[in-house]
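Step one of this worksheet: look at the structure below.
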Amino acid sequence: MASSGRCPLWTLCVCLTALENAALRVTMRESSLEVIRGDSIILPCSFFTSSPLSRLNIIWTLAPFSSPESPIQVIVYDHGQTIEDPALIGRVGFTGIPWSADIILNDTHVSDAGVYRCMVNNPPETADPGIGELVLSVLAPPSLPVCQWDGNIDMGGSVTLSCVVTEGVPTPEIHWDKMNPEDISLPVNMEGDLSASVQIINVSSQASGLYRCSATNLLGTENCYVNLSIYSESSSGILQGVLLTLSMSLLLLALLVLVLWLHRTGQTGKWREEEECYNEIMYTPSLMKRSFV
């Protein structure tokens with residue numbers, strides 16, 4: 001009798017265990033993934049259910065690194081229909097629906113990076129936890145940096161060289177080097193993660209040369225250049241002398257041309273006067289002959 005009284009309790013425990021094991025389970029086979037920008041990647045999400053799949057509902061969302069407080073809906077499967085985010089149409093899709101919640105993301109962008117959540121629901125089963133999560137990082141080489149200089153390039157002045165990169169994952173390391181006449185690595189002042197500058201004070205002619213800014217991460221290196229020329233007082237004096245000499249030469253040339261033109265104009269006038277006098281002399285006797293007739 002005692003043993004028969006225990007059977008219902010044991011049976012109830014077995015039933016509860018079976019119901020617990022039959023509950024919907026969601027499993028993420030990866031917790032983090034990396035992809036190079038432009039490549040494709042599969043985001044895995046597995047689930048187990050013992051109920052028919054006619055009411056299966058799967059929702060993928062993304063909390064971008066750039067704005068984690070504003071998650072977006074990536075793709076939805078609901079009652080046999082698939083709905084994609086308009087901005088991702090043609091780039092996202094399920095790979096094994098309805099047996100798998102895996103999705104593929106094509107032509108990845110840097111903006112695709114963030115925290116992805118896979119939520120599965122299949123009534124009447126309940127999901128615990130029912131949500132899987134993974135982190136996707138989209139790697140990108142550094143963008144082409146932009147180099148600029150600002151300041152006074154006269155002897156004794158100060159010059160600032162700046163370099164700005166707009167993109168790169170992981171964050172690029174930025175370096176400044178003076179390439180010629182000798183190769184020297186310069187100390188850099190970082191202004192945020194993607195901007196670096198070099199300040200050169202009390203410049204001299206030795207500061208003249210080609211400077212290079214390099215932005216580097218594990219996917220590559222991009223460079224930009226600044227050619228700096230420092231003007232000394234002696235070079236300014238020489239330049240002024242050359243300009244003065246050139247100006248005087250042009251002035252003398254102009255005077256010579258003017259003299260030649262005046263001389264030629266005077267000579268032409270003299271020839272015309274002589275010709276008119278000659279014609280007058282030749283014409284006078286004929287008039288005299290007519291007067292005596």
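Scope of the values below: all heavy atoms of this structure, side chains included, with no hydrogens, waters or symmetry mates.
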Next item on the list: Test Ile103 against Leu105 for side chain to side chain contact (heavy atoms under 4.5 Å, CB included), laying out the working first.
Entry: CA-CA 7 Å; Ile103 62 172; Leu105 191 60; 5.9 Å; no
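- The two residues Gly90 and Asn106 have their closest heavy-atom pair at O-ND2, 4.3 Å.
- Hydrophobic clustering places Trp99 together with Phe94 (ILVMFWY residues linked when any side-chain heavy atoms are closer than 4.5 Å, directly or through intermediates).
- For the pair Cys118 and Ala101, the tightest heavy-atom approach, listed with the atom from each and the gap, is SG-CB, 3.9 Å.
- Between the side chain of Asp102 and the main chain of Cys45, a donor-acceptor pair closer than 3.5 Å is present.
- Side chain of Glu125 to backbone of Ser50: a donor-acceptor contact under 3.5 angstrom is found.
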Item checked: Stepwise side chain to side chain contact (heavy atoms under 4.5 Å, CB included) test for Ile58 and Ile75 -> CA-CA 8 Å; Ile58 302 172; Ile75 190 170; over 6 Å; no
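- You'll find the side chain of Pro145 stays beyond 4.5 Å of the side chain of Asn223, heavy atoms only.
- Summarising the local packing, CG of Asp150 is surrounded by 12 or fewer heavy atoms from other residues, nucleotides or ligands at distances under 6.0 Å.
- Looking only at side-chain heavy atoms (C-beta outward), Pro170 and Leu218 come within less than 4.5 Å of each other.
- Separating the CH2 atom in Trp60 from the CG atom in Leu88 is a distance of 13.0 Å, to the nearest 0.5 Å.
- Ile41 pairs in a side-chain contact (heavy atoms from CB on, under 4.5 Å) with only one of the listed residues (Val35, Ile104, Asp112, Ile36), which is Val35.
- A 4.5 Å side-chain heavy-atom check between Ser66 and Ser111 finds every atom pair outside the cut-off.
- Within the 4.5 Å cutoff, the side chain of Arg29 has heavy atoms near those of the Ser46 side chain.
- Within the model, atoms OH of Tyr211 and CG of Asp177 stand 11.0 Å from one another, a figure rounded to the nearest 0.5 Å.
- Within a 6.0 Å sphere centred on CD of Glu173, heavy atoms belonging to other residues, nucleotides or ligands number 12 at most.
- Residues Asn122 and Thr49 bring a donor and an acceptor atom of their side chains to less than 3.5 Å of each other.
- Between the side chain of Thr221 and the main chain of Thr216, no donor-acceptor pair closer than 3.5 Å is present.
- Neither Leu43 nor Val169 shares a network with the other; the hydrophobic side chains, linked directly or stepwise wherever heavy atoms of I, L, V, M, F, W or Y lie under 4.5 Å apart, form separate groups for each.
- For a disulfide, the SG atoms of both cysteines must be under 2.5 angstrom apart; this holds for Cys213 and Cys163.
- For the pair Arg91 (side chain) and Asp107 (backbone), a donor-acceptor distance under 3.5 Å is present.
- Once rounded to the nearest 0.5 Å, the distance linking OH of Tyr225 with CG of Leu210 reads 7.5 Å.
- Listed here is the closest heavy atom pair of Val110 and Ala140: CG2-CB, 3.8 Å.
- The structure places CG of Leu255 at 11.0 Å from CG of Leu250, a figure rounded to the nearest 0.5 Å.
- Across Glu133 and Arg117, no two heavy atoms sit closer than the pair OE1-NE, 2.8 Å.
- Following chains of ILVMFWY side-chain contacts shorter than 4.5 Å, one cannot reach Leu139 starting from Leu62, and the two form parts of different hydrophobic clusters.
- Open room surrounds CD on Gln148; 12 or fewer heavy atoms of other groups in view lie less than 6.0 Å from it.
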Note to self: Run Ile59 and Gln73 through side chain to side chain contact (heavy atoms under 4.5 Å, CB included) and show every step you take.
What the structure shows: CA-CA 7 Å; Ile59 301 175; Gln73 189 169 277; 4.1 Å; yes
Check: Given Val92 and Asp85, is the side chain to side chain contact (heavy atoms under 4.5 Å, CB included) satisfied, shown in steps?
Finding: CA-CA 9 Å; Val92 66; Asp85 181 270; over 6 Å; no
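- No side-chain donor-acceptor contact under 3.5 Å links Thr160 and Ser197.
- The CD atom of Glu30 lies 8.5 Å from the CG atom of Leu134; values are rounded to the nearest 0.5 Å.
- Side-chain contact between Arg55 and His79: present, with at least one pair of heavy atoms (C-beta onward) separated by less than 4.5 Å.
- Following chains of ILVMFWY side-chain contacts shorter than 4.5 Å, one cannot reach Ile83 starting from Ile89, and the two form parts of different hydrophobic clusters.
- Of the inter-residue distances, the one linking Phe65 atom CZ with Leu136 atom CG reads 7.5 Å to the nearest 0.5 angstrom.
- With Ser229 contributing its side chain and Ser208 its backbone, the two residues share no donor-acceptor pair below 3.5 Å.
- Atom CG of Leu144 has more than 12 neighbouring heavy atoms from other residues, nucleotides or ligands inside a 6.0 Å radius.
- The two atoms that bring Leu56 and Pro98 nearest to each other are CD2-O, 3.5 Å, heavy atoms only.
- Val226 and Cys147 get closest at one heavy-atom pair: CG2-CB, 3.6 Å.
- Met190 and Leu186 fall within a single hydrophobic cluster, where Ile, Leu, Val, Met, Phe, Trp and Tyr side chains are chained together by heavy-atom contacts under 4.5 Å.
- With contacts defined as side-chain heavy-atom distances shorter than 4.5 Å, the pair Val203/Ile153 does not qualify.
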